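Quick caveat, the model's predicted, so the values are computed rather than measured. Atoms within a ligand are numbered from 1 in the order they appear, just like the ligands themselves.
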Amino acid sequence: MLEVRDVRKSFGGIHAVADVSFDVRRGEVVSLIGPNGAGKTTCFNLISGFLRPNAGSVLFEKQEVTGRPPHRIARMGLVRSFQKTNILKRLTVFENVLAAHHVHGTTSLAATLFPTRAVRESERRLRDSAAEIVTLVGLGARMNTEASALSCGELRLLEVAIGLGAKPRLLMLDEPAAGLNSEEAQRLGAVLRTLVGPRLEALLLVDHNMSLVMSVSDRVVVMNFGRKLAEGTPAEIRNDPAVIEAYLGAETRH
Ligand code: ATP
C-alpha cells in the first residue's frame with residue numbers, strides 16, 4: 001500500500017532522514033522505532049505531507065503523494081493522527097469522533113438548515129458509525145463522557161478513534177502509547193490489532209514502548225541517525241546485533 005523510496009530530509013547540516021526506504025503492505029502493522037532523534041517523526045511528516053523531502057518519493061496505492069498537501073493525502077486514505085491535539089476536551093467521546101467523521105459528510109449549509117430525508121439519513125449513518133468506532137476501541141461505556149474526564153489510557157484510545165473517524169485506509173499513529181502504564185499499553189495493543197481488517201487496511205506506528213511494538217507489529221523498521229538500520233519481524237529485530245547495540249542495548253545499559 002505504502003512505498004517509501006529513498007526519502008531524504010536535511011535541516012541545515014542535520015541529515016534528519018537519509019535515504020530511507022520501506023513498505024507497508026495491506027493487512028500489516030508496521031512500527032518505526034529508534035533512539036531519540038533517529039528521524040522517526042521527520043519520516044512520518046514526509047509520508048503524510050507535513051514536510052517535503054529533499055529527495056526520494058512516497059507512493060500510496062501506486063500513486064505518488066510526495067509533496068502533496070496533508071489534507072489531500074488524508075482524503076486518499078493515508079491518515080496521520082497526532083498526540084492529544086485532535087481532542088476537544090469539552091466534547092464527549094462520541095461527539096469527538098462524530099466531529100472527525102463530519103469532515104467526510106457531504107452536507108451543504110442549506111441542507112443543514114433545511115434537512116431533507118436524505119440528509120437526515122446521512123447524518124444518522126455518521127452517528128451510527130461514530131458510535132460503532134467508540135465501541136470498537138473499547139470506550140463504549142464512556143460514550144457520553146466529556147473528554148476532559150478521561151484517564152491517560154482512555155485519551156490514547158480516543159485519539160485512535162478520532163483517527164478512525166477520518167476513514168483511513170492506512171492509519172499512522174505517532175506514539176499512541178506515550179505516558180501509558182504497561183496495563184494500559186497492553187489494552188491499547190489489543191485494540192490496535194483488532195482494527196486491522198475490519199476498520200483499517202494497515203497501520204503504521206511510531207512508538208518507544210517496546211512491549212507494545214513487539215506484540216502488535218508484523219514488521220519493525222529500525223532507524224538510527226536518520227538511516228534505516230534494520231527491518232524484520234519482531235523476533236528478527238530482537239536478535240539483530242546492530243539493533244541491540246544501537247537501541248535495545250542502549251536501554252539495557254541504563
Ligand atoms: P524522538 O524519538 O525524540 O521523537 P525522532 O526519531 O522522531 O525522535 P526527529 O524528531 O525526526 O527524530 O528528529 C531527527 C533529527 O532532526 C534530530 O536531530 C532533530 O533535532 C532534527 N530536526 C527535526 N525537526 C527539525 C526541524 N524542524 N528543524 C531542525 N532540526 C530538526
Heavy-atom count check: over 12 atoms from other residues, nucleotides or ligands less than 6.0 Å from Arg26 CZ?
yes
Looking at Phe44, does the NZ or CZ of Arg80 lie under 6.0 angstrom from its six-membered ring centre and within 45 degrees of the ring axis?
no
Is it true that atom CD of Glu61 has more than 12 heavy atoms of other residues, nucleotides or ligands lying nearer than 6.0 Å?
yes
Anything with a heavy atom under 4.0 Å from ligand 1 counts, so go ahead and list those protein residues by chain and number.
Phe11, Ile14, Ala16, Pro35, Asn36, Gly37, Ala38, Gly39, Lys40, Thr41, Thr42, His208
Please determine whether side chain to side chain contact (heavy atoms under 4.5 Å, CB included) holds for the pair Ile237 and Val213, giving the CA-CA distance in whole Å, both sets of side-chain angles, and the decisive distance to 0.1 Å.
CA-CA 11 Å; Ile237 293 304; Val213 164; over 6 Å; no
NZ/NE/NH1/NH2 to OD/OE distance under 4.0 Å, Lys228 and Asp6
no
Counterpart residues, side-chain contact (heavy atoms from CB on, under 4.5 Å), relative to Arg90 (two or more places apart):
Glu146
